[in-house]
Every structure is written in C-alpha cells, then in structure tokens.
Amino acid sequence: MYEYRTHNCNEIRLADVGKKIKIAGWVQTIRDLGGLVFLDIRDMYGITQVVTSGKTEDVDFASHIPIESSVSVYGTVKKRDKETVNPKLDTGLVEIKIEKIEILGKRTLNLPFEVNSNQEIREDLRLQYRYLDLRNDTLKNNLILRAKVLQFLRNQMIEQGFLEVQTPILTSSSPEGARDYLVPSRLHPGKFYALPQAPQQFKQLLMVSGIDKYFQIAPCFRDEDSRADRTPGEFYQLDIEMAYSTQEDVFSSIEPVMYNTFKTFSDKKIVSYPFPRITYKEAMLKYGTDKPDLRNPLVIVDCTDIFDKLDLNAFKHKIVRVIATHDVSNQPRSFFEGMTDYAIKTLKAKGLAWLRILDDGSFQGPIAKFITEDAKSEMIKRTNSKPGDCIFFIAEVPGVVEKLASSVRDELGKRLNLIDNNTFSFCWITDFPMFELNDNGKLEFSHNPFSMPQGGLKALEEKNPLDILAYQYDIVCNGIELSSGAVRNHDINIMLKAFSMAGYTEEEVKTKFGALYTAFQYGAPPHAGIAPGIDRMLMLLSDSDSIREVIAFPLNSKAQDLMMGAPCKVKRNLLRDVHIDILN
C-alpha cells in the first residue's frame, strides 16, 4: 500500500541534510553515468534530484524507468557536490540518495510530445493530450494564477458587502446576442432548456427579490465562432449587480477591483488610475473601435471637409480619416508602400494614400500634387504634424472607414514599435447608442437589450432612435474588451417601448422575457451591473496569446473537445428518451 509522501519536490533545503524523507512525482529526466543514475523528480511544486546507490541492481532499475512515469522515492537528503549544484532549482543545493524507488504509474505508451520542452507542439495534439500538456510549467502556472485570481476577486467582492449567489445552468432560451446551446427535455417532449449566455435575467430578478448586492463567478455558454480572446463554448465572468445604484456606483465598486487585481498579479505598470473615460462616439472617431488599445499613441483625425474641396475622385463622397505618424523620416519608402500593400491585400481596402512631410515643409507621396496649400496647412494643424512626419489617408463609406482606420492604426503601432508591452492601459467606454441598424436596415439593440435609455421614456418617444444613448459601459484594456455593463431598464413601460422599437410586440416580450415582464410590475428597484471576463483578464495577466492557454480543458477553434471527443454521436435509445430523431 502506498504511503503518502512526506515532502513536496520544491521544499527540500540544506537544513534537511541527513533526514529520511519521501517524495513522489514524475520522472522528468534520467542521466545514466554508468555507476550512478541521476533522476529529476517533478511534482506540481518543483523538482528534486535523486541519485541511486552504487548497487548494480539499483542502477539498472532506475535507468530503465520510462520518462514521465509516476514514482515515489524514499531516501536520505545529502548535500550536492560543488560541481553538481544547480542554481536554477530551489532544491539545487541538495539531492536524495535513493534507498527505495517505486513505480506507482508506469508509462507504457509513447509520448505524443515532450513534456516541459521548448519544442513547438501542434495545438491539436496539445488539446488531445491536455492532461500531458497541463504537466508543462506554463499551463500549470496559468492554472495556479487562475485559482489565486478567483480567490482574490471573491475576497474583494465580499469585502464590499456583495453576496455570492449561484444562478441556474438550465434555463429558457432568449435572444441575447448569440446562439444558445440547447438541451432537450425528457419530461416535456418537444421542449428544450438553454444554457445561459449570461445570468442576465436571473441577476436582475435577484434585485427585484431584495438581494441588494449580488456577485458570482458565473459560467456563460455561447455558441460563437472562436477568436484569440474568445472561446466557442463556455467562459467565466465576475458577474455583479447592485440595487438602487447608478453608473457611478458601479464604476466606484468595480474599478478598484480591476486595478487591485492587475496590480497584485502582474509587474506591469498600470498607465492611468482612475481609468480614463471615453464616449463611444469619441472612441469610434479617434480609434475606429470601441475597444481601443491606448498603449498606441496614434490617433485618427477626421478630414472629410478638407477633401470635399479637393479634386481627388477617390476621395469624393467618402468619409476621410487620417493618421499622422511622427518622426518617421528614417523609414525607407518601402515602409510606406508596405503599408499600402497591407491595406489592399490584408484589409481588402481600395488603397492607402500617404504623404511625407519633408524638411522644407513640402509633401511627398502619391497624392501630393492634388493637395492645396490651404489643405496642407489645415491637415498639419489638425494632426499636429511637422517635418519628418507622415500622414496616412483612409477614404470609405461610414461603417467601413472606421474599421479600416482602426486596423491601419494598429498595424502602424506594431510596425513602428510604438506599443509598450510592459503596461496595462485601461479605459471606460461610455454612452453607447441604444439602437443601430442591421444589414437589412432594421432597428435593433446595439448593446444590451435590458439597458436604460438616457432620458427614459421621453427619449424613446421623442428622439430619433439612432440618436438615443443608453447607460451602457465597457471596460477595455490593451485593446481587449474585458467587461460590459449597464444601468438596467427596470420600468415595464420603458421596457415595452424599447422592445417595440426593436420590433418586438408586448406578447413577444411577455413570452421571451416572462419572468422580468411580470417581476417588474411588483415594485422593481433601479439597478445596474457589470461582468468582467475572467478568462480575458487571465489572458492579459499571464501574457498569453490565446484564451485557451488559461483554461484547463478548452474547446478548440472548431468548438471540439479533442480529448473527450465532444461533440459526439449518442445511441438512439438516448435520443428517444428526449424525443429526438436524427433524419440523416
């Protein structure tokens, strides 16, 4: 019978020399020196070197243990010889002379890849053998970081008087922006549960029920396409809601939580605290996106009115945005032409014009001869440009010009090395539009359908729908949206009017959001909330390029679990139990 280890592999020190101890872990390396065999034993906490006695049978046994087998080692701690000291290990001054080594779990299959090596490994292999991949230090440390961050977040919320409440995983389907994951019901033929895209309705109902300040480390399920910062299956968020609160109350509660978390778990500098606030309109103009990377100092400037007066057909009847790059006189012409190629080939833009400002103040570039002196002076003034700078021009229709300008700004920031990777630059994006037009020209909610319009019912009744702003806000860090939130619409009349403008009848609202529809007629308090994405926070804190690096068992980019074989076919009797038949 296995007796539990007495020490972890990272905690043995010089003070332990002479002690009899027992460790357990995986065999990471074996070095057979003929008369002696050295093994590195690794557990979750670190590595300890062990060495055989000179007995032939011990040497033979130890040298033939398969790498990555699980073993236990019993022996005496001894000081390493000076020439074998390893300063890279916490235990590098000592080793264990083996008196007994036992194989607890023998590796009998070939390793699909080396564990804890620097070799590049295909992600499909890593995900298929995730339990081996998790033995690697990087992923292991990411999971440890995740656990610590979750505990830290919980403690901060509890200290502020928030009550942790778990909300259901099986719920009803509702139109909340993404496709639902559906679960068929056995007891109710033809009916389905949905996995919650977020606890949105439940947390609002908690406010109606009298829970004053709620939080939860909430699982959310959305059938979405994968991105580097988005997993196609489940993700987790720090979900909070506050009764009798305003937008400012939410800001004052969550901003220090974000600041303290990033300050505690990273050595990177937080550029500004409190976080700057940028309206949605300003963000779209200056950065072309509602999730700007403020580490990039480049800004986008509107020059449409200037080009309306110039004889440039490519710029006629277009929105014209410009980006000035400063102190680029040392860049060769190929740099500027390379940006044009990037815009055309990668962004599928029609082109990307540019003008360099020479030492004598003249312009050099493909469209220089079309720029009048007045236009030149005005552009230099608006962009605060000077000799040695370059101005890039993006001309397109609304909705397209912002995306192109944002991408050009990001690429310029990378190619000119303007982004400080040792900083976190947070901001709030506020005052989102309540509605927008979809591709069919139909009015729909632009953000969260449960948000309170600024101006209340009067704004909905009297203003152009596209001019109505909502009490909606996001937290953005380094170009990644970490959080969305809003002051909620708790008034049934305002709710019905807003949904009617988006094409919903009262009966549809009652059907799709029946609990809220009814609950709001029982004296609902004003309330507001927010939900920072934990996986994205961890992605930034761990300097990971993909969100999958901070999740223990993620789906791949095609929404597959290669390790467990999900999604999978199931036996027909299981389908019959839930009243489903597969036609093909």
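Only this structure's heavy atoms are used, side chains among them; waters, hydrogens and symmetry mates stay out.
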Open item on the list: For a side-chain hydrogen bond (donor to acceptor under 3.5 Å, both in side chains) check, start with the C-alpha distance between N136 and D133, then their side-chain angles and the critical distance, and finish with the verdict.
Closed with: CA-CA 6 Å; N136 285 307; D133 199 26; 3.1 Å; yes

Open item on the list: I'd like to know whether F499 forms a ring-ring contact (aromatic ring centres under 6.0 Å, His included) with F445, so could you lay out the CA-CA distance, the side-chain angles of the two residues, the decisive distance to 0.1 Å, and finally the verdict.
Closed with: CA-CA 9 Å; F499 273 93; F445 293 109; 4.9 Å; yes

Output side-chain donor-acceptor pairs under 3.5 Å for residues 556-568, partner residues at least two apart or in another chain, one line each.
{"unit_1": "N556", "atom_1": "OD1", "unit_2": "K558", "atom_2": "N", "d": "2.9"}
{"unit_1": "N556", "atom_1": "OD1", "unit_2": "A559", "atom_2": "N", "d": "3.2"}
{"unit_1": "N556", "atom_1": "OD1", "unit_2": "Q560", "atom_2": "N", "d": "2.8"}
{"unit_1": "N556", "atom_1": "ND2", "unit_2": "Q560", "atom_2": "OE1", "d": "3.2"}
{"unit_1": "D561", "atom_1": "OD1", "unit_2": "M563", "atom_2": "N", "d": "3.0"}
{"unit_1": "D561", "atom_1": "OD1", "unit_2": "M564", "atom_2": "N", "d": "3.0"}

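Defined by atom type and a distance below 3.5 Å, a donor-acceptor pair is missing between the side-chain atoms of D410 and S407. Side chain to side chain, T518 and Q521 fail the donor-acceptor criterion of an N or O pair below 3.5 Å. In this structure, a donor-acceptor pair under 3.5 Å is absent between the side chains of Q201 and T167. Donor-acceptor pairing under 3.5 Å is lacking for the side chains of Q472 and N448. A donor-acceptor pair shorter than 3.5 Å cannot be found between the side chains of S425 and N478. Side-chain polar atoms of S544 and S542 form a donor-acceptor pair below 3.5 angstrom.
For the side chain to side chain donor-acceptor pair (under 3.5 Å) with H527, the qualifying choice from K203, Q204, R488 is Q204, the only one to do so.
With respect to D543 and K268, a salt bridge is recorded, a charged nitrogen being found less than 4.0 Å from a carboxylate O. Note on E549 versus R126: salt bridge recorded, some NZ/NE/NH1/NH2 to OD/OE distance being below 4.0 Å. For E123 and R548, the salt-bridge test passes: some basic side-chain N is under 4.0 Å from an acidic carboxylate O. Electrostatic pairing of E396 and K350 counts as a salt bridge here, judged by a charged N lying under 4.0 Å from a carboxylate O.
Between F426 and F424, the two ring planes are tilted [angle within 30° to 60°]. Taking the six-membered ring for Trp and thresholds of 30 and 60 degrees, Y273 and Y259 have nearly parallel ring planes, at less than 30 degrees apart.
Among pairs with a residue in residues 198-254, those fulfilling ring pair (Phe, Tyr, Trp, His ring centres under 6.0 Å) read F251-W428, F251-Y473, at least two apart in sequence or across chains. For residues 159-174, the set of pairs meeting the salt bridge (charged side-chain N to carboxylate O under 4.0 Å, His left out) definition, not counting sequence neighbours, comprises R154-E164. Within the structure, the ring pair (Phe, Tyr, Trp, His ring centres under 6.0 Å) test picks out the following pairs touching residues 140-172 (sequence neighbours left out): F152-F265. Sorted by first and then second residue, the salt bridge (charged side-chain N to carboxylate O under 4.0 Å, His left out) pairs with a member in residues 276-287 read E248-R277, E282-K286; sequence neighbours excluded.
Take E68 and apply the side-chain contact (heavy atoms from CB on, under 4.5 Å) test, not counting sequence neighbours, and it matches W26, R42, R107, L111, V115, R135.
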